[in-house]
Amino acid sequence: MSKKVINTKINGTNYTAEVEPRMLLIHFIRDVAGLTGSHIGCETSICGACTAIVDGMAVKTCAMLAIQADGAEINTIEGLAENGDLHPIQEGFWECHGLQCGFCTPGMIMAASQLLERNPNPTESEIRHGLEGNLCRCTGYQHIVNAVQYAAQKMQS
Amino acid sequence: MATLAGPSRLIGAPIKRREDPRLIQGLSHYVDDLKLVNTLHCAFLRSDYAHAEIENIDTEAAKRLSGVVTVITGEDIREKVSSVPCAAEIEGLKIPNHPALAVGRVRFVGEPVAAVVATDPYIARDALDLIEIEYRELPVVVDMDKAIEPDSPVIFEEFGDNIAFTMPLDAGDVDKAFAEADHVISHRLVNQRLIPIAMEPRGVLAEYLRGEGTLTVWSSTQIPHHLKTFLSLLVDFPEHRIRVIAPEVGGAFGSKLNVYAEEAVVAYLAIQLGKPVKWIEKRGENFTSTIHGRDQINYVEIAVNNDGTITGLRAKLLANMGAYYQLLTPIIPVLTYLMIPGAYKIPNIKLELIGVLTNKMATDAYRGAGRPEATYIIERMVDLAAQKLGMDPKDIRFKNFPQPDEFPFEIPTGIIYDSGNYQETFNKALGIINYDDLRDQQSARRKRGKYVGIGICTYAEISGFGPSIGVAGGGWESSTVRIERTGKVTVLTGVSPHGQGQETSFAQIMADELGVDIDDIAVIHGDTGRQPQGIGTFGSRATPVGGTAMLIAGRQVKDKMAKLTAHLLEANPDDLVFENGKIFVQGSPAQAVEFATVAAAAHNAVNLPPDIEPGLEATHFFEPEKFTNPFGAHIAIVEVDPDTGEIDIQRYVAVDDIGHIINPLLVTGQVHGGIAQGLGQALYEGAVYDENGQLLTGSLMDYAVPKATQVPSVENDYTVTPSPANPMGVKGVGETGTIASTACIVNAVVDALSPLGVKDIEMPLTPNRVWQVIEDAKKGVSE
């Protein structure tokens, strides 16, 4: 299979690599860029564990080819904390026990970041609908909802 | 880090987790995140047929593909990798050979048939498509009622039939109880098959170092120590040269309480090839080839008198084993059998448990493991009895509870409940939900045409596994507590948490015990190279058994430190207090010696009392004398939309009694997650095989794991009845939610539809099914 050179910027760092056209973006992020914080839970775009922000949109990166991200700016969980300070959503997940095994958490946090960007003061129902594309098997979601509410409050103040 | 200032009692405090900073920043390492140089990638070809003879396998084209290192089949390893283990011991149990790769015959869809190793995971999967297998199809049986018929296709010819085992029980005088009862209620209850769906699929990475002669295996497992032992037997490698590491594990719920074929094959390949080999399960494989849960059909009768007293229970329990056994497959329904009376005094019980082989994936422990099934049986039957008698479901429960002064309370199956006060817990839940007013409100809303239901589940559980007599492979746990030279504390534990948070809760216990800052304690788990012995995390056992092992090891070290400190201070060791990182004679904190100073003295070893060896380390194996028995009361209010069959859960109250609570934040998280899974069974989830043994629900599109919009917010509370089974009085909390919520929700929905004459609905209560039940009821076709 003929390979193609792509360039992406992930968390502010440029990554250039020659990849097979069939390579999934999540594999590029994890195996080429070496950023393993985004996880693979299904490779069928349902569970949301691989969610990252691609050109400003929360994307399930298993549902996109790496070559489609040529020239894209990508933000993953590793880039969320700034200068060692946790993002308010990360803080919320920690304060409110919004995670247990942690496998869905990076994707959940990235999805929540888009949710709060679009709707800084969501209701409980809006939070639940906004995170519908991300599955968690551990928490029953209640503490995740609390975590997003915590972050919303903190980000507004 | 969240620490409380001063001479705190951290036990009981809602400390936020010490695990979280790495997990919320993407800095943790699950198996797939580990990279070793020159790693090869493994992929498995799996059977597309539920039952077939393998007539030929042609791997030549796959082997020729560039990048493929090797392709192996069952024939290649039949003398080299032994049968996948089952640890169950049941009288008369027929145990089939379970080859890691199928030999001659396949018996379920998803059974591994061949393994490919390649330089790249994409190439490994390409190669799977180049393997040609000729199958000759055989008759398939997936339905248990059919599998036990004499003319059924037989899964293992050497057994003659599909009955894996039968287990009878006859306690009391059941025939007399039924003959004299005012009412006998009979019902068939189905506990549908579920798929655990941990968000992290399974994964294995194995590395063999030829020079050192060591095998290191990283696996997404709940039981690294058992895996080490079993791997040594599976691939005939000396156990003392194997190290198993469970790195970050992304959920399990029992599904990783196993030793799987893939773990053996990957270890074998790493030894053969002399390079690291990695396999990461695809979600589709997780559906077909990681254990399933539940799958029982229960024929149940209870004898009840007009005043609500339940005098007898008779049941035939059919439990679907699947085609082969995994580690505990036949044991799981035994827990249903043992716990069938639930929270009630039922003196006369007659049971027949039948394990049935079918052409499906093996069942095994899935959160609750046999106890949600038992709870579902008894809680549905109690509600059916109340409905028959025209009695409030609250009253029939109080009528049949044991009294608090009857504990320890022995039930006819031989289990002795450790401690309990079911009345107090139930009353608390009834009070929170304002039950008495609720029934009036329900009547008023019903008059307005609303289908409102109140569901109750009062459960009793068995957990904290446990005495070794009740746990295959041992029920003890082991821990080592070591004070380092600098006064830092290393806790090594044999339990293997995968989301439960023992790095935090165990540190809380040890901080209180040693009087040191929680940040000075590291809790290490999941590595047989660091913690020599252990069993693992399952059955709500980590804190009651593993926590106790740690506490006792900690006390042994503390005793030694006290002797040494007494020597240094010329004091009596019994008078010493450990607090705030200092050790001093009670009442004389000004003359304290630093904890770290004593630690250094123990290692410098120049001024030790004569009977004290250098070093500060103790290992303890804790074998509990008895199980623990959490209990509780869950109450839900639901409204059913008769036009769509949709169910709206309007309130959910959970009052659980798990004995003393170490960290209420983590405990509530466990209850929430458990309720979501139990509710998933009640409303959404079900593994469906067609008559050919094809798994129709083999993806997250077809199998409904609850989403954020599908789970209610829960109102949690607790009562505290300490367990006498361990010095901390803890019972274990991992499974309570799952055990209670399934029956609670179904009882609520049936109650909502009871004015239509509905007595039962088979799970899952999907809108379509509920709507159909309503339509049938309206036409007078009651279930």
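Throughout, a chain's letter reflects where its sequence line sits, starting with A, and its residues are numbered from 1.
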Need one label for [X]: side chain, backbone, both or neither, based on atoms under 4.5 Å from any heavy atom in chain A.
| X | result |
| --- | --- |
| B:Pro712 | backbone |
| B:Asp32 | both |
| B:Val249 | backbone |
| B:Ile675 | neither |
| B:Pro196 | backbone |
| B:Val671 | neither |

Inset, instruction - Measure the spacing between CD of B:Gln25 and OG1 of A:Thr76 and express it to the nearest 0.5 Å. - result: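 One finds 11.5 Å between CD of B:Gln25 and OG1 of A:Thr76.
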
Inset, instruction - Report the distance from atom CG of B:Asp33 to atom CZ of A:Arg30, rounding to the nearest 0.5 Å. - result: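 With rounding to 0.5 Å, CG (B:Asp33) is 4.5 Å from CZ (A:Arg30).
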
Inset, instruction - Inspect the contact between B:Arg22 and A:Glu78 and indicate whether a charged nitrogen and a carboxylate oxygen are less than 4.0 angstrom apart. - result: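 Salt bridge absent between A:Glu78 and B:Arg22.
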
Legend entry - Carboxylate-amine/guanidinium proximity below 4.0 Å for B:Arg283 and A:Glu43: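 No, this pair does not count.
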
Inset, instruction - Say whether B:Tyr122 and A:His27, considering side chains only, have a donor N or O and an acceptor N or O under 3.5 Å apart. - result: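 Yes - a donor-acceptor pair under 3.5 Å links their side chains.
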
Inset, instruction - Flag the pair A:Gln100 / B:Gln500 as yes when at least one side-chain heavy-atom distance between them is below 4.5 Å, and no otherwise. - result: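 Of all side-chain heavy-atom pairs linking B:Gln500 with A:Gln100, none is under 4.5 Å.
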
